[in-house]
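I have placed the structure first, in the form of C-alpha cells, so that the comments after it can refer back to it.
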Amino acid sequence: MDKYSYIANAHGDYIDELYKAYQQDPESVEFGWRKFFEGFDFSASYNGNGQGAPASVSTAPAKTAVAGEGEIDKEVAVRNFIYAYRSRGHLRSKTNPVRERKDRKAYLDLQDFGLYEADMDTVFQVGEIIGIGAATLRDIVAAVHKIYEGPIGYEYMYIRDPEVLTWLQDKIEKESLSFDPELAYKKRILSKLNEAVVFENFLHTKFLGQKRFSLEGGETTIPALDAIIDKASELGAKEVVIGMAHRGRLNVLANIMGKTYEQIFSEFEGTAVPDLTMGDGDVKYHMGFSSEVDTPSGHKVNLKLAPNPSHLEAVNPVVEGFVRAKIDCMYDKDPRQIVPILIHGDAAVAGQGIVYEVTQMAKLSGYQTGGTIHFVINNQVGFTTDFEDARSSIYCTDVAKIIDAPVLHVNGDDPESVVFAVRLATEYRQKFGNDIFIDMVCYRRHGHNEADEPKFTQPQLYNLISKHANPREVYNKSLISRGEIDAELATNMDKEFRQMLQDRLDMVKQKPLPYNYQVLEKDWQELRRSTPEDFNQSPETGISLADVETVGKALTEVPQGFKPLKQIEKLIKERKEMFFETKQLNWAAGELLAYGSILLDGKIVRFSGQDVQRGTFSHRHAVLHDAVTSAPYSNLNHMSEDQGPFEIYNSLLSEYGVLGFEFGYAMANPSALVIWEAQFGDFANGAQVMIDQFITATESKWQRMNGLVMLLPHGYEGQGPEHSNARPERFLQLAAENNIFVTYITTPANFFHFMRRQLALPFRKPAVNMAPKSLLRHPLVVSPIEDFTSGGFKEVIGDAYADAGAVKKVLLCTGKIYFDLLEEQQKNSRQDVAIIRLEQLAPFPKAQLAAELSKYKNATVYWVQEEPENMGAWTYLLRLMRTQLADVISRKASASPATGYNKVHVKEQQDIIERAFSV
C-alpha cells in the first residue's frame, strides 16, 4: 500500500492502471484511491439529474470518459492536497505560544498542487476521505486547515501499519473536531492549573532565589499528567510510573503525586533531619516518591516517581526495567495494567544518546513494556542553548520515527488541546501497546534555575516571555470569552486560587494521602539494611543432591524431535558425564546449576546482555537451537512445574540502556536474580553513568537497595588493550560503606555460591564480578559436586600446598593470575611461597584474610596482579593494607590497559611470575 501513498503528479494512464486494479479487487488499492474510484463509479453511473449515464460512457477514468482528463487531474490534485496536509500540515500548526514558527517550507499552498481560486466552489468527491463527503474545495480547505493548522500538529503518516494509521486518522480528523470537555472537566483543568501556579508562586515567594527548577511557562504539564492518569485508569491501568528530570519535578510531586507542602517545605528549609546511618541523601529535586490517588473517573491508581540524578534522560531505562519487572511479577504479563511515562526536556530528548537506545528497546521481547507515553516539556531552549544549536532535526522528537511512534506537537497555552492530545496518546498506548510522543511547546519563564539570567543569551525571546501571561490566566480568559464560565465562577475560582496560595504560605496542614503497600514493596520490607558484621562470613548456600540431579537432568535432555548440532550433542554428552559420572563440574555447569537451583526455589532469574544465551566465549549454551528449524530450547525452563521462569535475552548492542533497564528491574523485585553481562568487561565503561550515578550510590543517595549482578569478562591473555581489562580499579574506587560486592572468582563452586548469596542475604547489594575467559576451559577450574551441596561463598581461599612453617613469602592475588603462579609454584616445588586468593575485594574481607595470613608469622606479603601498577586492585589495597604489603608485582604503570603485541604480552606475563618468586 505504501507504493500509492504519496503521489505528487498522477498521469491518466497511471490512474487507468489503478482503476483496473480497483475493479479486480477494491482492497488492493490504497484507501484514498478506493474512495475516489467509488465516487467516480457513482458519477459515471448517474448524470446530474439522477438518470443513468448513456451507454456510450466509458467505465474507466481515461481520456474518453465523461469526466474529462482535466476533471480527473483536479480530483487527483485535491486528493494530493489532502494527503500533503496529513503529511506536512504539522509544519504550519499553531503550536508555539510565544513567537511565530520558522518557515519550514511546507509547500501546502493550493498553487503547489495546480489548484486556484477558480476551483474553490467546485465539488470534489475526494472530500469523502476526510469525512465531509463530496464537498467544495473551499470546504475541504477549511476542514484541513482546522484539523492540521490548529494548536496540535500531527506527525503520523510514516506509520506502516494500516490499522494504526486508519485509527489515528479517525481520531485526528473526526474526534479532534468534536472534542469539547464537559464544564466539570474544564473546571478540573483550570483547578489543576491553579494548583500548578499556586505551587510555583508559593516557592518563589517563600524561597526567593533558591533553586527549584520551576515549571513556570509549562504549568499545563500538571493537567496533562492528571488527564493521562485518569484516562489510563479508565482503560485498565492500576499503576503509573513516571521518570523525569528536575524541571517541574517538585510541582509534579505536590500536585500529581500528593506530596504535602510541609514535606517539601522542610526539605527547602533544611529542617528535615537526615538519618546519616542510612546514607548521604540527595537534593530535593532528585528524590523519588510513591502514592495512591483516586482519579476523577473513580479509580485508584498507584503512582511512582523514580529517583534520578542530574544526568538527563539517565532514568529512562531504569523506569522501563522497573515497569517490566512489575508486568512480569504483579500484572500477569498484562502491560495495560501499568503505564510508564517519561517526561523529557526538548534539548535532552534530542541530544542524549540514551533516548535512542531506550527507544530501540520498545518492541524487543526482552525489554518491551507495552508502550511508553513520552511527554516533552519543550522550553525551546536548553540551559542557554537555542534550539537551532541543539539539534539538526526540525523537531526534538524525531527519534520517534525509528519505531513508527506518532508525535503530537501541541501548544502549551491551550490546555484543552493538550488534554485531548494526552488522552489520545493514552488510548493509543492502551490499544496498540506502542510508544507515542507528546511535544508540548511552551517556555521557561526563568533561566535554567531561578538565580540565572536568561536575557544574557536569549534577550529577544525573554522580552516576549516577560510580557506573556501564564497558562492559567490564558485559559481563564479563554473560558470567560467563550461564555463557558461566567464571571462569577471565574471570580470564585480566582478567590479559591488566592486562598490556596495563602494557606500554603501560612503552612496550613495538609493530610498526607493514605497508601497501601504493593506485594513487591512488602517483599522489600522483609529485608533489612546490612551491618559491618554481615560481611565477616557469607551464609550457607549449598543445595540438596536431589536438586543437583534435577538441574543436571534438565541440562542433558532435549525434547523429542529436537535436532541439535553435532557440537551441541557433544556438549550434552559432556554435561552428562560431569553431572552423573565424574561429578566434577566446570565453570559453565556450575554457573547453570546456580541458576537452576534458584529457579527451583521458585525465584525469577533474569539475564541479559550481548550474546548471553550462548556466551561470548561459547561456554554457556543456556539456549539451544534446532539445527533444522532454529527453534530455541531453554533447558532450565523445563525442570519442574512450580519452578521460577528463566528469562535470558540477547540484548541489543547497548550497554548504557540495557544495564539501566536491568538495574530498574532489580530495583522493583528483590526476589529476582537479575544479571547483566558485558561482551567484554571494558565495554562496561559505555554505561559509566549508570554505574556511578545509580548502581554504586543508590543506597546512600536514595535509600534504595538493589541486587543487580554485573559480569565483566576480564583477564590478560594477549587480546590487546580493548579485551583485557574490565577496569576493576574503578569499581574499587567507588566501593565504600559496604555499598557493593566486587569479586574476581576462580572456582565454579565459589561462583555458584556467589550467585546464590545474592538472594540468600537478608539485604541486597549490587555485585560486580570480573568474569573468566580462558579460565572457562582451564583443566584446573572445576569443582566437585560436594562443593555445591554444602558451604557458602569463600571470600578468601588459602594455600593447600605450601608448608606454613617454611613460608617466607606470601603472594596475595586475585583471579586468573593465580593459576600462572600456581603452575610456577608446583613446577619448582616452592613450598616456601604461599599463594592466597582474594576472591572478594569489596567489601574488603579483613577478618577472613587475617585468618589466612596468621598462618605465616614471619612471611613478607606481596600483592601480585596482571594489570599495570596504576590499574587493578593495587591502589585500593594500598589504602587498606598499607602496613602489611611490602610491594606490588605487576606490569609497569601504563596509559593503555594492555599491549597489542602478543609476544610482548607473553614476555610481560612471564616477567611478573619470575619476579613474584625471585623478589
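For Ser700 (side chain) and Ala697 (main-chain N/O), no donor-acceptor pair under 3.5 Å exists by modelled atom type. At least one donor-acceptor pair under 3.5 Å links the side chain of Asp334 to the backbone N or O of Arg336. At least one donor-acceptor pair closer than 3.5 Å links the side chain of Thr295 to the backbone N or O of His299. When atom types are taken as modelled, the side chain of Asn378 and the backbone of Met440 share no donor-acceptor pair closer than 3.5 angstrom. Distance alone, capped at 3.5 Å, places no donor-acceptor pair between the Arg188 side chain and the Ser191 backbone. Side chain of Asn706 to main chain of Phe663: a donor-acceptor pair is present (N/O by atom type, distance under 3.5 Å, no hydrogens or angles). A distance-only check finds no donor-acceptor pair linking the side chain of Asp414 to the backbone of Pro151 [under 3.5 Å]. At least one donor-acceptor pair closer than 3.5 Å links the side chain of Trp524 to the backbone N or O of Ala668. The closest donor-acceptor contact from the side chain of Asp230 to the backbone of Ser297 lies under 3.5 Å.
Using a 4.0 Å cut-off between charged side-chain N and carboxylate O, Arg482 and Glu416 make a salt bridge. Taking a cutoff of 4.0 Å between a charged side-chain nitrogen and a carboxylate oxygen, Glu155 and Lys401 qualify as a salt bridge. Glu219 has no carboxylate O lying under 4.0 Å from a charged side-chain N of Arg472, or vice versa, which leaves the two without a salt bridge. Salt-bridge formation is detected for the pair Lys186/Asp180: a Lys NZ or Arg NE/NH1/NH2 atom is positioned less than 4.0 Å from an Asp or Glu carboxylate oxygen.
When all heavy atoms of Lys701 and Pro309 are compared, the closest pair comes out as NZ-CB, 4.1 Å. Heavy atoms only, all atoms of each residue included: Leu464 and Val98 are closest at CD1-O, 3.5 Å. When all heavy atoms of Val419 and Pro223 are compared, the pair lying nearest together is CG2-O, 4.2 Å. What you find for Glu521 and Ser290 is that their closest heavy atoms are OE2-OG, 4.1 Å. In terms of heavy atoms, Asn411 sits closest to Val418 at O-CG2, 3.4 Å. Here the closest heavy-atom approach between residue Val315 and residue Met244 is recorded as CG1-N, 3.9 Å.
Interatomic distance, CG of Asn255 versus CG of Leu215, reported as 9.5 Å (0.5 Å rounding). With rounding to the nearest 0.5 angstrom, the CD1 atom of Ile436 is 6.5 Å from the CG atom of Leu168. Distance check, rounded to the nearest 0.5 Å: CG of Leu342 to CD of Glu313 gives 7.5 Å. Distance CD1/Ile152 to CG/Leu408: 6.5 Å, rounded to 0.5 Å. From Tyr517, atom OH reaches atom CD of Gln525 across 5.5 Å, with rounding to the nearest 0.5 Å. Atom NZ of Lys522 is separated from atom CD of Gln518 by 10.0 Å, given to the nearest 0.5 angstrom.
For Tyr515, the OH atom sits in a packed shell: over 12 heavy atoms of surrounding residues, nucleotides or ligands are nearer than 6.0 Å. The neighbour count for Lys477 NZ, taken as heavy atoms of other residues, nucleotides or ligands under 6.0 Å away, does not exceed 12. Other residues, nucleotides and ligands contribute only 12 or fewer heavy atoms inside 6.0 Å of the CD atom of Glu182. More than 12 heavy atoms of other residues, nucleotides or ligands shown are found within 6.0 angstrom of NZ on Lys304. The environment of Arg391 atom CZ is dense: over 12 non-hydrogen atoms of other residues, nucleotides or ligands sit within 6.0 angstrom.
The shortest distance between side-chain heavy atoms of Arg249 and Leu305 falls below 4.5 Å. Looking at heavy atoms from C-beta onward, Val441 lies out of side-chain contact with Val410 at the 4.5 angstrom threshold. Using a 4.5 Å heavy-atom cutoff, the side chains of Ile256 and Leu303 are in contact. A 4.5 Å side-chain heavy-atom check between Ile327 and Val323 finds at least one atom pair inside the cut-off. When side chains are defined from C-beta on, Leu659 counts as touching Ile691, because their heavy atoms get closer than 4.5 Å. Side-chain contact between Leu520 and Met330: present, with at least one pair of heavy atoms (C-beta onward) separated by less than 4.5 Å. The side-chain heavy atoms of Thr397 and Val376, taken from C-beta on, include a pair separated by under 4.5 Å. Taking 4.5 Å as the limit, every side-chain heavy atom of Phe199 sits out of range of all side-chain heavy atoms of Glu195.
Looking at Arg429 and Thr372, their side chains never bring a donor and an acceptor atom within 3.5 Å of each other. No side-chain donor from either of Asp413 and Tyr475 sits under 3.5 Å from a side-chain acceptor of the other. In this structure, a donor-acceptor pair under 3.5 Å is absent between the side chains of Lys192 and Asn194. Side chain to side chain, Gln380 and Arg444 fail the donor-acceptor criterion of an N or O pair below 3.5 Å.
Of the residues listed (Arg324, Lys326, Glu320), the one engaging Thr369 in a side chain to side chain donor-acceptor pair (under 3.5 Å) is Glu320, and it is the only one. Partner of Pro415 under the side chain to side chain contact (heavy atoms under 4.5 Å, CB included) criterion, chosen from Thr220, Val474, Ile222: Thr220.
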*Quick one: do Met690 and Val318 satisfy side-chain contact (heavy atoms from CB on, under 4.5 Å)? Show the steps, please.*
CA-CA 9 Å; Met690 203 53 60; Val318 178; 3.9 Å; yes
*Go through Leu193 and Asn476 one step at a time and tell me if the side-chain contact (heavy atoms from CB on, under 4.5 Å) criterion holds.*
CA-CA 10 Å; Leu193 283 170; Asn476 198 39; over 6 Å; no
*Evaluate the side-chain contact (heavy atoms from CB on, under 4.5 Å) criterion for residues Glu427 and Leu235: first the C-alpha distance (whole Å), next the side-chain angles of each, then the deciding distance (0.1 Å), finally the verdict.*
CA-CA 8 Å; Glu427 193 174 346; Leu235 299 174; 4.2 Å; yes
*For Val240 and Ile228, run side-chain contact (heavy atoms from CB on, under 4.5 Å): C-alpha distance rounded to whole Å, both residues' side-chain angles, the deciding distance at 0.1 Å, then the answer.*
CA-CA 9 Å; Val240 172; Ile228 292 172; 5.7 Å; no
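Checked against ring pair (Phe, Tyr, Trp, His ring centres under 6.0 Å), Phe437 has the following partners two or more places apart in sequence or in another chain: His374. With sequence neighbours excluded, no residue satisfies ring pair (Phe, Tyr, Trp, His ring centres under 6.0 Å) with Tyr356. Applying the ring pair (Phe, Tyr, Trp, His ring centres under 6.0 Å) criterion to Phe375, with sequence neighbours excluded, gives no partner residue. With sequence neighbours excluded, no residue forms a side-chain hydrogen bond (donor to acceptor under 3.5 Å, both in side chains) with Tyr428. Residues that satisfy the side-chain hydrogen bond (donor to acceptor under 3.5 Å, both in side chains) test with Tyr154, not counting sequence neighbours, are absent from this structure. Residues forming a side-chain hydrogen bond (donor to acceptor under 3.5 Å, both in side chains) with Glu234 (at least two apart in sequence, or on another chain): none.
Under the 6.0 Å distance and 45° angle rule, Arg423 counts as a cation-pi partner of Tyr185.
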